[in-house]
Amino acid sequence: MAAVDLDLAQVRAFVAVAEVLHFRRAAESLSLTQQGLSKRIARLEEGLGASLFERGRTGVALTPAGVRFLDPARAALAAGAAALAAVRLPERALRLDVWGHLFAPLRTVREMLDATEGVHAQVGPGRDLPGVAAALLRAETDAGFGRFHPLADGPTQALAHRLVRLEPLDAVLAADHPLAARSALRPADLAALRLVLPAAPERLDFLSRFAEQFGVPMLPGEANLGLDHLLEQVRTTPGSFTLLPAELPLEPGSGLSAVPLVEPTPLYAWSLVWLRQPQAPGVADLLRGFAEVGRKRRWLEFQPRRDWLPEADQAEVRAL
């Protein structure tokens, strides 16, 4: 087989699409046009001699070749980032892995980095908190950004974490459901519906605690196949809903409605996570950046009579 020289821009385009299974959203995350992103993917597939995505009426999915290529592609990007870090800004080349991709964590990270001088990070995808925790313990990454919760298998004690943003959530339900016409809903109003989970309940502590607190039945979680798949489940499952950040707009004509939640408003907690010892250089700068932008954007506002957080998150708010 002839040697193939991988173009990291094409590999990055592939990983971006694979993470969200949506070409438009992936293009936006890379500041590309959708056409430009598609061209990069097409050139990569041509060079590899294999199709990486299946494109159908119901959305985008990885082919078997795409599944096999994903982990090596991430490794190739990490190696490229390490090579750049060895040459440029070595004291600032902090690796930041993010997870919770259905809730678009890069929005918050990007806003902080864009607004803060002297703070640099090379951002990469993480699968979930246990995966990022394992990467921290193996010194494969320097910090993580996502939802923190205690882990059952022990690494929690080795990790430090700080709450950096509380984000209001909306209820997303089919546009033809009677509740979709309301200007706002209370969580108690959702007890007659069923909560659609994007993954297995044991990986979704926030949604599980929300359902328990407000008496909402949950549908069995499936494999995380991306936001479009989750929304399609809501659209086609009678009497169902899911929760998404209020800042995430629904596409026109989606057949769905996002209704604000009040009395109380559930808040999703985003945290920065890092290894206690040794703390990676640059973590202090990230903490400073999130603190400065959080004060300006009022990211950590919590009023117990107005908002809802799981008990562990409330304790973190009180400790700030």
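The first residue of the sequence shown is numbered 1, and numbering continues consecutively from there. When reading the values below, keep in mind they use all heavy atoms of this one structure, side chains included, and skip hydrogens, waters and symmetry mates. A quick note: this is a predicted structure, and the numbers were derived from the prediction, not measured.
One hydrophobic cluster, built from ILVMFWY side chains closer than 4.5 Å, holds both Leu62 and Leu6. Cluster annotation: Val17 and Leu48 are assigned to the same hydrophobic cluster (Ile/Leu/Val/Met/Phe/Trp/Tyr, side-chain heavy-atom contacts under 4.5 Å, transitive). Leu230 is connected to Phe206 through a chain of hydrophobic side-chain contacts under 4.5 Å among Ile, Leu, Val, Met, Phe, Trp and Tyr, so both are in one cluster. With hydrophobic clusters built from ILVMFWY side chains whose heavy atoms lie under 4.5 angstrom apart, Leu320 does not share a cluster with Trp299. There is no path of hydrophobic side-chain contacts, each under 4.5 Å, that joins Phe210 to Leu166.
No side-chain heavy atom of Ser240 sits less than 4.5 Å from a side-chain heavy atom of Gln233. For the pair Phe145/Leu106, no side-chain contact is recorded, criterion being any heavy-atom separation below 4.5 Å from C-beta on. Proximity of Thr237 to Arg194: side-chain heavy atoms (C-beta onward) are separated by under 4.5 Å at one or more points. Counting heavy atoms from C-beta outward, Arg55 and Phe23 have side chains that approach closer than 4.5 Å. At a threshold of 4.5 Å between non-hydrogen side-chain atoms, the residues Pro266 and Leu169 count as touching. Put simply, the side chain of Asp142 does not reach to within 4.5 Å of the side chain of Asp97, judged on heavy atoms. The shortest distance between side-chain heavy atoms of Asp7 and Leu44 does not fall below 4.5 Å. For the pair Pro125/His101, a side-chain contact is recorded, criterion being any heavy-atom separation below 4.5 Å from C-beta on.
At most 12 heavy atoms of other shown residues, nucleotides or ligands fall within 6.0 angstrom of atom CD in Glu263. At most 12 heavy atoms of other shown residues, nucleotides or ligands fall within 6.0 angstrom of atom CD in Glu212. When the shell of 6.0 Å around CZ of Arg162 is examined, it contains 12 or fewer heavy atoms from other residues, nucleotides or ligands.
Separating the CG atom in Asp228 from the CG atom in Leu21 is a distance of 8.0 Å, to the nearest 0.5 Å. The line from CG of Leu179 to CG of Leu193 is 5.5 Å long, rounded to the nearest 0.5 Å. To the nearest 0.5 angstrom, Arg12 atom CZ is 10.0 Å from Leu32 atom CG. To the nearest 0.5 Å, atoms NE2 (His177) and CZ (Arg182) are separated by 10.0 Å. Distance NE2/His149 to OG/Ser208: 9.5 Å, rounded to 0.5 Å. Note that CG of Leu159 is 8.0 Å distant from CZ of Arg276, once rounded to the nearest 0.5 Å.
Taking each heavy atom of Val293 and Ala115 in turn, the nearest pair found is CG2-CB, 3.9 Å. Between Leu102 and Pro198, the closest heavy-atom pair is CD1-CB, 3.0 Å. Contact detail for Ser257 and Leu250: the closest heavy-atom pair is C-CD1, 3.7 Å. The heavy-atom pair separating Leu243 from Ala171 by the smallest distance is CD2-CA, 4.1 Å. Between Gly144 and Val132 the shortest heavy-atom distance is CA-CG1, 3.9 Å. Across Ala175 and Ala180, no two heavy atoms sit closer than the pair O-CB, 3.6 Å.
In terms of modelled atom types and a separation under 3.5 Å, the side chain of Gln314 and the main chain of Leu309 share a donor-acceptor contact. Looking at Asp114, its side chain never comes within 3.5 Å of a backbone N or O of Glu111 through a donor-acceptor pair. Between the side chain of Glu45 and the main chain of Leu52, a donor-acceptor pair closer than 3.5 Å is present. Without hydrogens or angle criteria, Thr63 side chain to Gly66 main chain gives a donor-acceptor distance under 3.5 Å. Listed for the Ser271 side chain is no donor-acceptor partner under 3.5 Å among the backbone atoms of Phe148. The main-chain N or O of Arg95 is found under 3.5 Å from a side-chain atom of Thr141 such that the two form a donor-acceptor pair. Under the 3.5 Å distance criterion, the side-chain polar atoms of Asp307 are matched with a main-chain donor or acceptor of Gln303.
Remark: Arg74 engages Glu19 in a salt bridge, criterion side-chain N to carboxylate O under 4.0 Å. A salt bridge links Arg298 to Glu301: at least one charged side-chain nitrogen sits closer than 4.0 Å to a carboxylate oxygen. A salt bridge is absent between Glu167 and Arg147: the closest approach of a Lys/Arg side-chain nitrogen to an acidic carboxylate oxygen does not fall below 4.0 angstrom. For Glu251 and Arg24, the salt-bridge test passes: some basic side-chain N is under 4.0 Å from an acidic carboxylate O. With respect to Glu232 and Arg235, a salt bridge is recorded, a charged nitrogen being found less than 4.0 Å from a carboxylate O. Under the 4.0 Å criterion applied to side-chain N and carboxylate O atoms, Arg288 and Glu292 are assigned as salt-bridge partners.
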**Full working for side chain to side chain contact (heavy atoms under 4.5 Å, CB included) between Leu286 and Val119** = CA-CA 6 Å; Leu286 283 181; Val119 177; 3.7 Å; yes
**Request:** Walk me through it: do Arg165 and Glu247 pass the test salt bridge (Lys or Arg N to Asp or Glu O under 4.0 Å)?
**Result:** CA-CA 13 Å; Arg165 185 176 188 183; Glu247 287 187 2; 2.8 Å; yes
**Prompt:** Between Val234 and Leu256, is a side chain to side chain contact (heavy atoms under 4.5 Å, CB included) present by the stated rule, with each step listed?
**Reply:** CA-CA 8 Å; Val234 175; Leu256 298 168; 3.9 Å; yes
**Check against side chain to side chain contact (heavy atoms under 4.5 Å, CB included), Val259 and Leu173** = CA-CA 8 Å; Val259 184; Leu173 59 164; 3.9 Å; yes
**Request:** Start with the C-alpha distance between Leu77 and Val15, add both sets of side-chain angles, then the distance that settles side chain to side chain contact (heavy atoms under 4.5 Å, CB included), and finish with yes or no.
**Result:** CA-CA 9 Å; Leu77 293 179; Val15 170; 3.8 Å; yes
**Message:** As a quick check of understanding, evaluate ring-ring contact (aromatic ring centres under 6.0 Å, His included) for Trp270 and Phe290, giving each step before the final call.
**Reply:** CA-CA 11 Å; Trp270 296 104; Phe290 278 118; over 10 Å; no
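Taking the six-membered ring where the residue is Trp, Tyr268 and Phe103 present perpendicular rings, their angle passing 60° and hence far from 30°.
Scored by the side-chain contact (heavy atoms from CB on, under 4.5 Å) test, Val20 finds His22, Arg25, Ala26 as partners (sequence neighbours excluded).
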